[in-house]
Amino acid sequence: MNGDGKKILVVGGAGYIGSHMVKLLCLQGYDVVTVDSLVNGHREAITGGEFVQGDLEDRDFLARLFASHRFDCVMHFASFIQVGESVTDPAIYYRNNLINTQNLLEAMTASGTMNLIFSSSAAIFGEPEKTPIDEDHPKAPVNPYGRTKLMTEEILADFGHAYGLRSVSLRYFNAAGADPEGELGERHDPETHLIPLVLQAASGRGPEVRVFGRDHATPDGTCVRDYIHVNDLCRAHILAMEKLWRSGESRAYNLGNGSGFSVQEVIETARKVTGRDIRVVDAPRRDGDCAVLVADSSRAGEELSWSPEFPELETIITHAWNFEKRMCSR
Ligand code: NAD
């Protein structure tokens, strides 16, 4: 127990990654308050601490929240996350991911709450010029979702200079897997992420899997992505928070497995793990899909002493499958 009763606000803690974060923080002895509007989250995914339903668009709610609690750190997971939807309806992305985030930052700084861990994304980099992608790689997001994440990082830097806000931006690549105890997992609606889609096809809860292009510049022609276990992401949050408390220095880290897996490898590994047939249909390439997206996470290794505990694709898929079976039996 290293939490020592420190009080952590988890915004978006009823969602996929946030719910795993709440569980880990509680296990480590932190005093956790979860805020979530439940627009995309699930009440039953919050397994510990206090829950307050509220929306970041509500500035009065935020003022009351920060007046009634003193938080040692805020972890901010709350945003909309669908890249395709951000292209067809950018307004809701700029409103929720940027304006509502600014509401949170203003409420924090007004109350003297100065430590933030922010869920950023590999989407800030856009089309990679080189791979693996380190923190200094040029940032040229190709969709509104990625732009909201990059703009938020820029706002954080400005709030740091002007008001003394200290922040760590964690740029996740593809969050994947599930709670090793099978209690929590990925429940997006609609689901757009490959591993849950493949497992829903295996369980019969979802349709066949579409493979977008087999002519990419990769060994088997399908896109290669960097799948990082959700619990490894959560461990990185705690290490980043503890370093922020020690050093007071704002930083950004890329978080990935360091090794990419192709769509075809994911499907084959899922067939092995589940023992099920997984129906696949080939579809044309999607606009903007780059061949390979893999993180260079060496800065997180050097500065946070972080490395993935569950780097194997088979383990990631096994944990996600345990959760999918649980969903089927509900
Ligand atoms: P999620 O949709 O499962 O969780 C987000 C949570 O935030 C939901 O519970 C939702 O109800 C809540 N929320 C949204 N807007 C809110 C608001 N205005 N006020 C209060 N609550 C609100 O998403 P996730 O997959 O857990 O992603 C968490 C964060 O990580 C997001 O910021 C996302 O952009 C980032 N991220 C995720 C991935 C990934 O692979 N899942 C990759 C890179 C970055």
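All ligand and atom numbering here is 1-based and tracks the order in the structure.
Among pairs with a residue in residues 149-169, those fulfilling salt bridge (charged side-chain N to carboxylate O under 4.0 Å, His left out) read Glu153-Arg171, at least two apart in sequence or across chains. Sorted by first and then second residue, the salt bridge (charged side-chain N to carboxylate O under 4.0 Å, His left out) pairs with a member in residues 58-70 read Arg59-Glu106; sequence neighbours excluded.
Phe323 and His319 have their aromatic ring centers separated by at least 6.0 angstrom.
Near ligand 1, heavy-atom contacts under 4.0 Å come from Gly12, Ala14, Gly15, Tyr16, Ile17, Asp36, Ser37, Leu38, Val39, Asn40, Gly41, Gly54, Asp55, Leu56, Phe77, Ala78, Ser79, Ile81, Asn96, Asn100, Ser119, Ser120, Ser121, Tyr145, Lys149, Tyr172, Phe173, Ala175, His188, His193.
Grouping Ile, Leu, Val, Met, Phe, Trp and Tyr residues whose side-chain heavy atoms lie under 4.5 Å apart, directly or via other members, places Val198 in a hydrophobic cluster with Leu194, Ile195, Leu199, Val209, Val211, Tyr227, Phe261, Val263, Val266, Ile267, Val273, Ile278, Val280, Leu313, Ile316, Ile317, Trp321.
Using a 4.0 Å cut-off between charged side-chain N and carboxylate O, Arg285 and Asp215 make a salt bridge.
Using cut-offs of 30° and 60° for the angle between ring planes, the Phe71 and His69 rings count as parallel.
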